[in-house]
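Working notes, beginning with the structure itself.
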Number of protein chains: 2
Amino acid sequence: MDNNIAALDSVFHALADPTRRAVVQQLARGPASVSELARPFDMALPSFLKHIGVLEASGLIGSEKSGRVRTCRLKRRRLAAAERWFEEQRALWAGRYDNLDNLLETLNGGENES
Amino acid sequence: MDNNIAALDSVFHALADPTRRAVVQQLARGPASVSELARPFDMALPSFLKHIGVLEASGLIGSEKSGRVRTCRLKRRRLAAAERWFEEQRALWAGRYDNLDNLLETLNGGENES
DNA sequence: AATATTGTTATCCATACGACTAAGTATAAA
DNA sequence: TTTATACTTAGTCGTATGGATAACAATATT
């Protein structure tokens with residue numbers, strides 16, 4: 001039931017950058033080499049490689065080198081773990097019956113502010 | 001259909017810290033004052049207030065001051081937006097029919113590695 | 001064998017982050 | 001009216017982050 005706090009730290013930190021989220025998004029479509037992944041970005045390769053390093057350190061992606069090309073692929077475990085964190089917060093919220101907002105919401109299944 | 005990139009940046013960055021996630025978690029149970037929220041943490045108040053500031057800047061929480069006490073409450077919008085990002089990635093992944101892992105998964109609905 | 005591709009390592013740099021202390025403000029309690 | 005409470009502001013400090021260049025290594029291509 002532990003959320004592996006340090007892991008969530010590194011996963012959310014990894015996702016807090018648009019370049020890295022775009023890489024995850026691309027890898028969700030399938031594996032790709034470093035240079036393929038880097039192509040859309042106006043950034044020096046070593047800079048980009050750092051992003052790959054952050055993603056790999058967070059466990060969000062994995063990679064293996066064959067010949068001179070390193071192929072990256074998404075690892076869904078950590079992504080799923082992070083998603084689960086949100087579900088837990090929703091569960092906590094759902095457990096609240098001390099405010100009108102929530103009462104109204106549970107009555108009609110609607111969404112509302114705050 | 002835009003994910004509001006900058007907003008996701010700040011939301012994920014806000015969530016990349018255990019103190020801030022704990023605050024969100026507490027606020028999911030209901031509103032609380034700054035000092036109530038700060039109590040569990042071994043941290044100087046000004047340091048803690050910075051975390052509150054980061055959370056508020058990200059839009060994850062809101063606050064209002066009445067008398068000398070500032071009351072914070074969770075705002076679910078951004079939390080929901082972040083959660084949606086994960087769903088989008090899963091949708092992309094689900095759209096893949098180019099690998100055996102995924103084929104097997106769609107056949108039997110099971111979970112597997114990477 | 002020479003050249004091009006693909007990644008890697010080593011530095012460097014400016015800015016942002018997360019923690020602190022010290023000192024101040026505003027409101028409530030005694 | 002003094003004192004305690006609940007923040008708030010300002011400024012410091014060490015480390016991490018995200019970008020860059022330069023130089024290197026390893027593998028394909030020609």
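Here the structure is a predicted model, which means the values were calculated and not measured. Letters go in sequence order (proteins before strands), and every chain restarts at 1.
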Could you list, one pair per line, each protein nitrogen or oxygen that sits under 3.5 Å from a nitrogen or oxygen of nucleotides 21-28 of chain C, together with the distance?
from: C:dT27; atom 1: O2; to: B:R68; atom 2: NH1; distance (Å): 3.1

Partner set under salt bridge (charged side-chain N to carboxylate O under 4.0 Å, His left out) for B:R39, not counting sequence neighbours: none
Taking the six-membered ring for Trp, are A:F86 and B:F86 parallel (under 30°), tilted (30 to 60°) or perpendicular (over 60°)? tilted
Residue pairs, two or more places apart or on separate chains, that pass ring pair (Phe, Tyr, Trp, His ring centres under 6.0 Å) and touch residues 47-79 of chain A: A:F41-A:F48
Tell me: CZ of A:R39 to C1' of C:dT5, nearest whole Å? 12 Å
Under the side chain to side chain donor-acceptor pair (under 3.5 Å) test, residues paired with B:Q26 that sit two or more places apart: none
Rounded to the Å, how far apart are A:F48 CZ and D:dT21 P? 17 Å
Rounding to an integer number of Å, can you tell me how far B:D42 CG sits from C:dG18 P? 17 Å
I'd like to know if the side chain of B:R78 and the backbone of B:S58 have a donor-acceptor N/O pair within less than 3.5 Å. yes
How many whole angstroms separate atom CG of B:L49 from atom P of D:dA10? 14 Å
Is the shortest side-chain N/O distance from A:S35 to OP1 or OP2 of C:dT5 below 4.0 Å? no
How many Å lie between CG on B:D9 and C1' on C:dC17, as a whole number? 15 Å
Partner residues of B:S63 under the side chain to side chain donor-acceptor pair (under 3.5 Å) criterion, sequence neighbours left out: B:E56, B:R70
Which part of the nucleic acid does A:T19 contact within heavy-atom distance under 4.0 Å: base, sugar-phosphate only, or nothing? nothing
Atom CD of B:E36 and atom P of D:dA6 are separated, to the nearest Å, by 9 Å
Cluster overlap B:V11 with A:V54, hydrophobic side-chain contacts below 4.5 Å: no
Starting at CG of B:L79, measure out to CD1 of B:I61 and round the result to the nearest 0.5 Å. 11.5 Å
Just verifying a value: how many Å separate B:I52 CD1 and B:L27 CG, rounded to the nearest 0.5 Å? 7.0 Å
Report, one pair per line, the protein and nucleotides 16-18 of chain D atoms (nitrogen or oxygen only) whose separation is under 3.5 Å.
from: D:dG18; atom 1: OP1; to: A:R20; atom 2: NH2; distance (Å): 3.2
from: D:dG18; atom 1: OP2; to: A:R20; atom 2: NH1; distance (Å): 3.0

